[in-house]
A.B. asks: 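Below is the structure I would like to discuss, written out as structure tokens.
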Amino acid sequence: MAELPDLTVFAQILSRRFKGKIVERVEVTVGKKLNVSVKELQTALEGRDLNGVRRVGKTLQFDFGDQVLGLHLMLRGELVAVEDNEVPRFQVLAIHFKGGEGFAVLDMQKMATPTLNPEQNDVPDALDMEESYFTSLLAKKRTVIKTVLMDQHVMRGIGNSYADEILYHAGVSPFSIAKAVPAEKLFKSIQTVLEKAIKDISRANGDELMGELKDFMLVHSSKLKVTEKGELIRTDKIGGRMTYYTDMQELFL
DNA sequence: GTAATTGTTCTAGC
DNA sequence: CGCTAGAACAATTA
């Protein structure tokens, strides 16, 4: 469930807490998604110090100088701070730093994917793509707009939840055809919604690393029946994914 | 026991 | 061949 805003905040918190610390021990509890052997990962990271953590698309990258650990949390991955000997339930991977502090990746579905030295990717990030790129992208897509926003091959970082939030903010129906959608307006909504979410999540979660972050969904929630403004929230499936929207969102065809 | 969940990858069809 | 839609798969809990 972690998308761009959550991951951005995770990266900030991880950087603040662990930057400069030296890796004492790398613990791999579930290794099937790892692209190298456990031993290779350990020799690559142990003894190095963490230069920082950044978000790249829907992944995190832990920068250890000439070695980088990529991490995709997939559907249910979480990050928690751990003490030296602590092994939380559903642990996939843990990094223990000298001095006793560390963090663990948890995933009850075991789908979280750590990658040593992930390949570079040219697909622009949703938060730093050029407006001209977005405009010409929409112009050549005949797909439903929601699937374009979520397509990691054309822009990275937006998943099912924030696609709904962005389209609600823009007043654009998720069923609109991409090339008919006013690109400038939607582009602004992408920036606005994502940046606001980063601020809200950051403020609400502080410096703690406690698994899932609290979020602020206005439409994408099974608990809500109406929006803050009292608009009825409808549900449907787009591409097999649950979609939340209102009748206030204009359909462009 | 089964429904529900969603990111990614694969495949069929136009 | 390029693009799109949809299915398959992953794994576990409520």
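Per chain, numbering begins at 1; letters A, B, ... match sequence-line order.
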A.B. asks: Let me know the distance between CE of A/Met111 and P of B/dT9, rounded to the nearest Å.
C.D. replies: 11 Å
A.B. asks: Whole Å only: how far is the NZ atom of A/Lys146 from the C1' atom of B/dT6?
C.D. replies: 10 Å
A.B. asks: Under 4.0 angstrom, heavy atoms only, what part of the nucleic acid is A/His220 near: base, sugar-phosphate, or nothing?
C.D. replies: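 Here A/His220 touches the backbone only, sparing every base.
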A.B. asks: At less than 4.0 Å, is any side-chain N or O atom of A/Lys141 found next to OP1 or OP2 of C/dT4? Yes or no.
C.D. replies: yes
A.B. asks: Measuring only between side-chain heavy atoms, which start at C-beta, is A/Thr135 closer than 4.5 Å to A/Glu184?
C.D. replies: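 They are not in side-chain contact.
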A.B. asks: OP1 or OP2 of B/dG7 less than 4.0 angstrom from a side-chain nitrogen or oxygen of A/His72, does that happen here?
C.D. replies: no
A.B. asks: Is there a side-chain contact between A/Lys110 and the phosphate of C/dT12, meaning an N or O under 4.0 Å from OP1 or OP2?
C.D. replies: yes
A.B. asks: Taking A/Glu3 first and then A/Lys58, would you say they form a salt bridge - that is, a charged N and a carboxylate O separated by under 4.0 Å?
C.D. replies: no
A.B. asks: Atom CG of A/Asp107 and atom P of B/dT5: how far apart are they, to the nearest Å?
C.D. replies: 17 Å
A.B. asks: Nearest nucleotide by nearest heavy atom, which residue falls closer to the 5' end of DNA chain B, A/Gln152 or A/Gln109?
C.D. replies: A/Gln109
A.B. asks: Within less than 4.0 Å of OP1 or OP2 of B/dT8, is there a side-chain N or O belonging to A/Lys58?
C.D. replies: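 Result: yes.
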A.B. asks: Looking at A/Arg156 and B/dT8, is any side-chain donor or acceptor paired with a base atom of the opposite kind under 3.5 Å?
C.D. replies: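 Counting by modelled atom types and ignoring angles, no donor-acceptor contact under 3.5 Å is found here.
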A.B. asks: Rounded to whole Å, please give me the gap between CD in A/Glu3 and C1' in B/dT5.
C.D. replies: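 Whole-Å distance recorded here is 13 Å.
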A.B. asks: Taking the inter-plane angle between the rings of A/Tyr245 and A/Phe175 on a 0 to 90° scale, is it parallel (under 30°), tilted (30 to 60°) or perpendicular (over 60°)?
C.D. replies: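 Answer is perpendicular, since the angle exceeds 60°.
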A.B. asks: Please report the distance, rounded to the nearest Å, between OH in A/Tyr162 and P in B/dG7.
C.D. replies: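 After rounding, the gap between these two atoms is 12 Å.
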A.B. asks: Please check if atom CZ in A/Arg16 has more than 12 non-hydrogen atoms from other residues, nucleotides or ligands closer than 6.0 Å.
C.D. replies: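 For A/Arg16, atom CZ is crowded (more than 12 foreign heavy atoms under 6.0 Å).
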A.B. asks: Looking at A/Tyr168 versus A/Tyr244, is the centre-to-centre ring distance below 6.0 Å?
C.D. replies: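 That pair fails the under 6.0 Å test.
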A.B. asks: Out of B/dT5, B/dG7, C/dT4, which nucleotide sits closest to the side chain of A/Arg142?
C.D. replies: C/dT4
A.B. asks: Give the nucleotide from the list C/dT12, B/dT5, C/dA5 with an atom nearest to the side chain of A/Thr143.
C.D. replies: C/dA5
A.B. asks: What integer distance in Å separates A/Met74:CE from B/dT6:C1'?
C.D. replies: 8 Å
A.B. asks: Atom NZ of A/Lys237 and atom C1' of B/dT6: how far apart are they, to the nearest Å?
C.D. replies: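 Distance, rounded to whole Å: 10 Å.
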